[in-house]
Q: 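I'd like to ask you about the structure that follows.
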Amino acid sequence: MFSTILASAIWGMESYLVHVEVDISSGLPCFVMTGNLGGEVKESGERVRIALKNTGIHVPPMHVSVNLSPADLRKEGTGFDLAIAVGVLISMEKLPPGCAEGLLILGELGLSGEIKPIRGILPMAAGAYKRGIRKCLVPRENAGEAAAVAGMNAAGVSSLKQAIEYLSCLERERDSMLPPAVFRRNPAENAPKGNFSEIMGQERAKRAALISAAGFHHMLLVGPPGSGKTMIAKRIPTILPPLTAEESLEISSIYSISGRLPAGSGLLTRRPFLSPHHTVSPQALAGGGRIPRPGLISLAHRGVLFLDELTEFKRQTLDLLRQPLEERRIRIARSGGAFTYPADVMLVGAMNPCPCGYYPDLSKCRCTPHEIHRYMSHVSGPILDRVDLWVEAPKVELGGIQRASKGMSSEEMSNRVMRARKRQKERYQGTDYCFNGELAPGELEKYCHLGKEEKSAAEQLFQKLDLSLRAYHRLIRVARTIADLEDSEKIQKSHLMEAACYRAEEKNGR
Amino acid sequence: MREDKAYAYWLHNAPGIGDRTVEKLLEKFESARAVYCAGKETLDAVLGKKRTERLKAFTKEWEVEKKYEEMGQKGISFYSLEEEEYPAKLRKLPHPPYGIYCKGMLPNEETPSVAIIGARECSQYGRYVAEAFAEKMAAAGVAVVSGMARGIDGISQRAAIQGGGRTYGVLGCGVDICYPLSNRKLYQDIVDTGGGILSVFPPGTEPQKRQFPERNRIVAGLSDVLLVVEARTKSGTCITVDMALEQGKNVYAVPGRLTDRLSDGCNLLIRQGAGIALTPDDILEELKILVNRQGGEKGELPKEAAFNKREKKEEDTELLRFLDCYPKSPDVILKEMEKSGKAPELPALLTRLMELCLAGKAKQVAGNYFVKVCQSL
């Protein structure tokens with residue numbers, strides 16, 4: 001007898017529906033699987049057969065054929081086990097035909113018949129929902145994740161036996177037998193630690209962090225060791241604007257595909273903050289593998305990618321970031337296929353100004369200009385060129401600590417960020433833009449209009465400071481965010497002036 | 001005469017024969033040419049066997065005329081102790097160098113000269129002072145001698161050119177090698193503006209550590225007065241000072257603040273009795289006395305009373321008081337303003353700082369630090 005079950009597979013960031021077709025007919029007893037399958041999918045037959053046996057169901061010695069359709073797309077992963085088992089059971093008439101109609105079935109089987117969690121449930125459930133599927137049967141550990149897709153009725157099962165019981169029930173009784181999982185926001189989920197009020201002095205770096213968070217600008221902190229660069233960067237998550245529902249789904253999908261979604265929570269509600277060690281390999285950062293998986297830059301999508309000790313990173317690794325920083329996505333091509341993963345990150349770098357770290361304090365620093373130049377050139381120009389805010393975190397004087405004037409706290413800063421965020425939301429309604437930092441040069445004139453006086457001031461800055469055109473655009477973007485922070489719709493001269501203070505050094509020749 | 005020069009050039013290039021040996025040889029043979037023609041035995045008496053053999057081997061390969069011409073084609077001239085053109089100031093030194101190479105012109109004997117020297121890694125303060133002094137010196141017709149190194153040396157020479165004066169760079173390598181390479185432009189400009197690149201090392205000699213003390217000796221020797229702008233204790237600059245003192249030159253130092261490691265050398269010199277250079281006039285005054293002592297006309301040096309009296313504009317904002325000639329971060333400026341009781345908000349401060357930069361009264365350096373552009377010393 002023939003049966004067909006709905007399952008799903010991931011291709012890059014996209015998911016598509018897979019029909020698991022099972023047929024049992026007389027002939028030589030064997031278990032044949034077709035449909036362009038990866039290694040782990042081919043092994044599925046063995047797992048299913050033994051799991052059924054250990055659940056007390058004997059597969060008759062007949063010719064079992066399984067086809068995963070569409071047959072031309074490569075299938076990977078272990079998520080098809082449960083669907084194949086259910087298909088076999090229906091074909092064996094152990095389950096009523098039609099019991100799995102309109103039901104997405106996903107899960108990996110163990111030999112004992114237990115059902116194990118799989119990767120990528122969230123994008124698969126979301127993709128299925130888009131195609132009109134409203135119910136799904138998933139491993140219990142993944143149920144919360146599937147339920148995060150609003151309107152999806154997700155049943156979580158922990159063993160094949162339980163799944164059989166569930167499917168044997170009449171449709172209307174199922175919910176009472178196994179109540180659909182409820183999506184619960186995990187309030188304690190990676191609540192960012194720390195508060196900006198803990199940082200002594202460094203008002204300017206804090207101000208830069210505020211601007212950077214409000215407009216999603218890339219930022220570079222430069223300062224002597226121990227001045228609090230890392231502390232500042234680590235506190236940026238406390239002031240980032242919360243995720244919108246779509247953003248949350250987008251990020252969670254990436255994490256789901258990578259199998260990194262924390263257990264028990266459906267969606268990520270906080271912007272990611274990743275700080276890879278400087279020994280990170282290029283593949284880990286950009287993503288890689290025969291079938292490319294998202295790298296750290298994609299995992300930090302819509303969040304912060306913090307690179308501490310920027311000069312210690314391999315040049316090759318850093319240069320990988322050039323394109324993604326510009327295009328805000330990364331395209332990885334490998335033998336297993338070419339995928340595009342989102343990579344809209346806010347880059348925060350931290351580094352020392354020279355090998356000893358004390359430049360320009362010449363009483364302490366004895367590095368030669370050549371040494372400083374060589375040190376700075378560890379970070380390639382094009383990367384530095386993409387930094388919107390270049391800010392020094394100078395040495396904190398003891399007097400400053402003792403006075404301990406509490407500066408802005410995270411709460412206060414967060415409120416200001418939210419206000420600026422709201423202004424940007426209104427301005428960019430109906431466009432792809434979310435933040436000022438994303439504005440393309442061509443759109444600057446439209447969204448960052450300068451008055452006559454401001455325009456002449458900007459031109460003066462351009463000429464006197466000998467800016468490049470790219471630097472000029474950066475200046476306008478940052479000025480736009482400063483204006484938003486000051487609740488001003490018009491970019492004023494003072495905003496331009498302040499933005500100019502944060503400009504990156506054009507040449508490293510000091 | 002020209003031939004004699006070629007032989008002197010040969011002698012100067014001979015391996016294993018330094019200035020002291022040349023002195024000895026000349027005592028015996030009187031001219032370089034005579035040394036060239038001298039027989040093995042006579043040379044043996046002065047040089048010893050080994051060195052004589054080396055010299056003879058070298059002589060075989062060295063085509064005197066051709067080599068000399070080659071040097072001339074490169075625009076390099078050579079002066080030996082035997083010639084009249086040889087700088088008189090150097091001749092006065094104990095153990096004067098036997099030869100000196102020059103690209104451009106030799107310093108004019110009559111022109112008073114001052115050596116402005118200092119640290120390679122100088123601060124903004126040192127930069128301003130060096131520029132101000134060198135420019136004034138140049139304007140007063142005083143030649144500026146220095147080592148063309150990075151930092152104070154190069155800065156003062158560049159400023160001297162800007163001030164319309166002549167400047168002479170003494171190198172620790174051959175005059176055909178520009179060291180450091182970052183001073184390429186200066187190297188060319190010195191020659192183009194009528195100054196000269198000098199060295200006691202034959203063309204093609206690579207810069208080497210051990211050659212620099214000799215370079216410093218020549219810098220001190222060519223100058224009438226030595227001015228130290230910024231120096232750490234135990235630095236190359238201090239070596240030059242020691243040599244100048246040995247030669248009986250007057251040394252002036254620019255005082256710095258006590259907390260500045262870069263001014264330690266200068267302050268120490270002052271304690272040891274060096275002249276204190278507060279304005280360029282101090283140096284000019286000193287030079288005038290020297291010129292007078294040598295029987296020159298009185299008041300030969302034009303008086304520059306109006307130095308640094310650029311009218312101080314009243315509208316200089318309050319903020320400038322908080323800036324300094326060493327880089328200060330806005331955080332520090334804010335803290336200091338807080339202390340004095342009137343602190344603006346940080347954004348307002350940044351705006352004002354930027355306005356000062358645009359007005360040319362301040363400068364943003366090393367990323368986001370600010371310094372005052374010194375308009376008066």
Side-chain angles (χ1 to χ4, degrees), chain A residues 201-208 211 220 222-223 227 353-354 359-373 389-397 399-400 403 405 407-408 457 460-461 463-465 482 485-486 492-505 509-510, chain B residues 119-127 149-151 154 180-182 230 232 235 256-264 325-336 338-339 343-360 362-371:
Chain A
Q202 305 294 17
E203 288 306 314
R204 197 167 129 75
K206 277 159 80 172
R207 168 100 182 149
I211 298 170
L220 181 63
V222 184
S227 61
C354 70
Y359 187 84
D361 182 357
L362 289 178
S363 293
K364 273 189 178 171
C365 173
R366 299 203 64 169
C367 304
T368 63
H370 180 64
E371 275 168 348
I372 296 173
H373 181 80
L389 292 151
W390 171 303
V391 65
E392 309 281 325
K395 182 181 67 181
V396 177
E397 304 292 338
R403 258 200 305 286
S405 54
M408 282 185 286
Q460 199 186 3
L461 282 168
Q463 268 160 14
K464 283 251 169 132
L465 301 178
I482 295 173
L485 277 171
E486 306 292 333
Q492 284 164 8
K493 202 173 149 194
S494 61
H495 302 147
L496 285 168
M497 293 290 182
E498 192 189 341
C501 286
Y502 297 113
R503 76 185 189 281
E505 210 153 340
R510 302 178 151 205
Chain B
R120 284 195 301 273
E121 279 76 60
C122 62
S123 69
Q124 292 287 332
Y125 167 69
R127 175 178 290 269
R150 220 171 47 225
L181 213 54
S182 51
E230 241 182 358
R232 291 174 200 265
S235 57
R257 58 180 95 210
L258 300 181
T259 51
D260 243 351
R261 295 287 77 78
L262 263 169
S263 286
D264 277 356
C325 14
Y326 63 91
K328 265 186 177 179
S329 78
D331 280 5
V332 172
I333 298 169
L334 202 63
K335 276 269 144 58
E336 283 173 11
E338 250 168 43
K339 253 188 235 167
E345 289 285 306
L346 181 68
L349 172 68
L350 292 177
T351 307
R352 279 168 67 190
L353 281 171
M354 207 63 221
E355 275 165 1
L356 279 181
C357 288
L358 285 184
K363 223 164 115 187
Q364 197 177 5
V365 293
N368 291 307
Y369 292 82
F370 291 85
V371 292

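Every chain is numbered from 1 and lettered A, B, ... according to where its sequence line falls, protein lines coming before strand lines.
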Q: Is there a donor-acceptor pair closer than 3.5 Å between any side-chain N or O of B:E230 and the backbone N or O of B:S123?
A: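 Pair found, side chain donor or acceptor close to backbone of B:S123.
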Q: My understanding is that only residues two or more places apart in sequence, or in another chain, count here; which of them pass salt bridge (Lys or Arg N to Asp or Glu O under 4.0 Å) with A:K493?
A: none
Q: Quick one: of A:P394, A:A457, A:A205, A:A499, who has the most non-hydrogen atom pairs under 4.5 Å with chain B?
A: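 The residue among A:P394, A:A457, A:A205, A:A499 with the greatest pair count is A:P394.
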Q: So for B:L346, is it side chain, backbone, both, or neither that comes closer than 4.5 Å to the heavy atoms of chain A?
A: side chain
Q: Mind listing the closest non-hydrogen atom pair of A:P353 and A:G223 along with its distance?
A: CD-O, 3.4 Å
Q: Please flag which part of A:Q463 lies under 4.5 Å from any non-hydrogen atom of chain B: side chain, backbone, both or neither.
A: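 Neither part.
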Q: Can you say whether B:R150 sits under 4.5 Å from chain A via the side chain, the backbone, both, or neither, judging by heavy atoms?
A: side chain
Q: Using the salt bridge (Lys or Arg N to Asp or Glu O under 4.0 Å) criterion, which residues pair with A:E486? Sequence neighbours excluded.
A: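 A:E486 satisfies salt bridge (Lys or Arg N to Asp or Glu O under 4.0 Å) with A:R207, A:R416 once adjacent residues are dropped.
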Q: Please state whether the side chain, the backbone, both or neither of B:S263 comes within less than 4.5 Å of a heavy atom of chain A.
A: neither
Q: Return yes when atom CD of A:Q460 has more than 12 non-hydrogen atoms of other residues, nucleotides or ligands closer than 6.0 Å, and no otherwise.
A: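 Counting neighbours around CD of A:Q460, more than 12 heavy atoms of other residues, nucleotides or ligands fall under 6.0 Å, so yes.
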Q: Which answer fits A:I482, side chain, backbone, both or neither, if we ask what part of it has an atom under 4.5 Å from a heavy atom of chain B?
A: neither
Q: At a heavy-atom separation under 4.5 Å, does B:C122 approach chain A through its side chain, its backbone, both, or neither?
A: backbone
Q: Can you tell me which of A:K464, A:R204, A:E498, A:Q202 forms the most heavy-atom pairs within a distance under 4.5 Å of chain B?
A: A:R204
Q: Are the side chain of A:E371 and the backbone N or O of A:C354 linked by a donor-acceptor pair below 3.5 Å?
A: no
